**Q** 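There's a structure below that I have some questions on.
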Amino acid sequence: MKIIAYGIRDDEQPYLEQWSQQQGIAVKVVKELLDEQTVDLAKGYDGAVVYQQKPYTATVLDRLAENGVTNLSLRNVGVDNVDADAIKRNGFKVTNVPAYSPEAIAELTVTQLMRLLRRTPTFDRKQANGDLTWAPDIADELNKMTVGVVATGRIGRAAMKIYQGFGAKVIAYDVFHNPELEKQGIYVDTLDELYAQADVISLHAPATKDNNKMLNDAAFAKMKDRVWILNPARGALIDTDALIRALDSGKVAGAALDVYEDEVGIFNTDFGSFDAIPDERLKNLMKRENVLVTPHIAFYTKTAVKNMVQYALNNNKQLIETGQAENEVTF
Ligand code: NAD
């Protein structure tokens, strides 16, 4: 069995080598992404393991199939950058890694909320300037708050456990009600009810055509004054201009954003200086002490990266051996 793995980063390589040794299967490592320049390296392999934000185009997928590789295993969840027609016409088998560590995303989300509530960005700045005073930066306590969790999937549920550990009251909205959570009576029937009650809104829904910019001017208007907004899910869930207006008016007390609607090509890039970041709206948010922006790093933990690499390799091995895999994605 011969597997080729594209776009392998230095932090992924040790987990790939560990798997390769444990399984006794050689894996060819390619640092570059799968594209027109690198697709021919796959000739002679049984399967390819990939991860990238840029598109898997029809040209590249057609060429990969011509090279005899139709077992494709993604190291991430999303398949929206894969050309579905090319997948179908070439008879590709595609797998993803639907859950690599929901706790990783939940832990960063709550960490950032606690930083906001305890004003640590402000105290960090003051202390760096020799100012060790308290006022006026008095904090809020999570255990006195109601947290509204939007979507109770794997990540939403992991976040809920942590909020409950802090003693917060948790309410939730989801288009699908988890039977276990239903018994706890935490669901509200509408987003409006959640907006009306929540001191903190924690977004954990995928981006769909129905929830594009769900947090817009109208939604912010229905929320409590000085609400805290957390988005470690997808940038498309928030209308960024509306969020900026709500921050300016004080309606929103602060926000922690691990995703941003125009993040592709910006996050995970070193621009050399703050000024050189080519997105004024993003810089507007980043300059605020009550907004914490992280460049889509919630997933970026040792556990999650190991799982992404090794689950994808397991999936690819399964496809090669049996023609199917439990994490197969249908197009
Ligand atoms: P999941 O599939 O386990 O759960 C998704 C939940 O969302 C389901 O319960 C579903 O019923 C619900 N849902 C779908 N549409 C909804 C809507 N319009 N309103 C309310 N609920 C809705 O997914 P997960 O593993 O919990 O991941 C959630 C999201 O987190 C992902 O879709 C992704 O956008 C994001 N994510 C971010 C990172 C990161 O590094 N920041 C990493 C992984 C995932």
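Both counts, for ligands and for their atoms, begin at 1 and track the order of listing. Since this is a predicted model, take the numbers as computed values, not measurements.
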**Q** Of all the non-hydrogen atoms in the protein, which one sits nearest to atom 28 (C) of ligand 1, and at what distance?
**A** His204 O, 3.2 Å
**Q** Report yes or no: does Ala233 have a heavy atom closer than 4.0 Å to ligand 1?
**A** yes
**Q** Could you check whether Asn96 and Asn327, counting side-chain N and O atoms only, form a donor-acceptor pair closer than 3.5 Å?
**A** no
**Q** Using a strict threshold of under 4.0 Å (side-chain N to carboxylate O), is an ion pair present between Asp46 and Lys2?
**A** no
**Q** Suppose I only count heavy atoms of His296 and a 4.0 Å limit; which atoms of ligand 1 are within that range?
**A** 38 (C), 39 (C), 40 (O), 41 (N)
**Q** Quick test: of every protein heavy atom, which one is nearest to atom 8 (C) of ligand 1, and how far off is it to 0.1 Å?
**A** Asp174 OD2, 3.6 Å
**Q** Under 4.0 Å, counting heavy atoms only: does Asp210 come that close to any atom of ligand 1?
**A** no
**Q** Looking only at protein heavy atoms, which one is nearest to atom 4 (O) of ligand 1, and how far off is it?
**A** Gly153 CA, 3.1 Å
**Q** For atom 37 (C) of ligand 1, what's the nearest protein heavy atom and its distance?
**A** Pro232 O, 3.1 Å
**Q** Would you call Arg157-Glu180 a salt bridge at under 4.0 Å N-O?
**A** no
**Q** With a 4.0 Å cut-off on N to O distance, would you call Glu261 and Arg234 a salt bridge?
**A** no
**Q** Before accepting this row, confirm whether a basic side-chain N of the pair Asp199/Arg226 lies closer than 4.0 Å to the acidic partner's carboxylate O.
**A** no
**Q** List every atom of ligand 1 that sits less than 4.0 Å from any heavy atom of Tyr100, numbering the atoms from 1 in the order shown and giving each element.
**A** 42 (C), 43 (C)
**Q** Quick test: of every protein heavy atom, which one is nearest to atom 18 (N) of ligand 1, and how far off is it to 0.1 Å?
**A** Asn211 ND2, 3.5 Å
**Q** So which heavy atom in the protein is nearest atom 14 (C) of ligand 1, and how far is it from that ligand atom?
**A** Pro206 CD, 3.6 Å
**Q** Are Tyr187 and His177 near enough that their ring centres are under 6.0 Å apart?
**A** yes
**Q** Looking at atom 26 (O) of ligand 1, what's its closest protein heavy atom, distance included?
**A** Ile155 N, 2.8 Å
**Q** Counting only heavy atoms from other residues, nucleotides and ligands, does the tally under 6.0 Å from NZ of Lys302 exceed 12?
**A** no
**Q** Using a 4.0 Å cutoff against the non-hydrogen atoms of Tyr173, which atoms of ligand 1 qualify?
**A** 19 (N), 20 (C)
**Q** Is Arg154 touching ligand 1 with its side chain, its backbone, both, or neither, if touching means heavy atoms under 4.0 Å apart?
**A** both
**Q** What atoms of ligand 1 come within less than 4.0 Å of a heavy atom belonging to Ala151?
**A** 6 (C), 7 (O), 12 (C), 21 (N)
**Q** Using 4.0 Å as the upper bound for N to carboxylate O, is an ion pair formed by Asp11 and Lys306?
**A** no
**Q** Considering only protein heavy atoms, which is closest to atom 16 (C) of ligand 1, and at what distance to one decimal place?
**A** Val175 CG2, 3.8 Å
**Q** Under a 4.0 angstrom heavy-atom cut-off, which atoms of ligand 1 come close to Asp258?
**A** 39 (C), 40 (O), 41 (N)
**Q** Is Glu12 salt-bridged to Arg75, going by a charged N under 4.0 Å from an acidic O?
**A** yes
**Q** Taking atom types as modelled, find out whether Asn90 and Asp62 have a side-chain donor-acceptor pair closer than 3.5 angstrom.
**A** yes
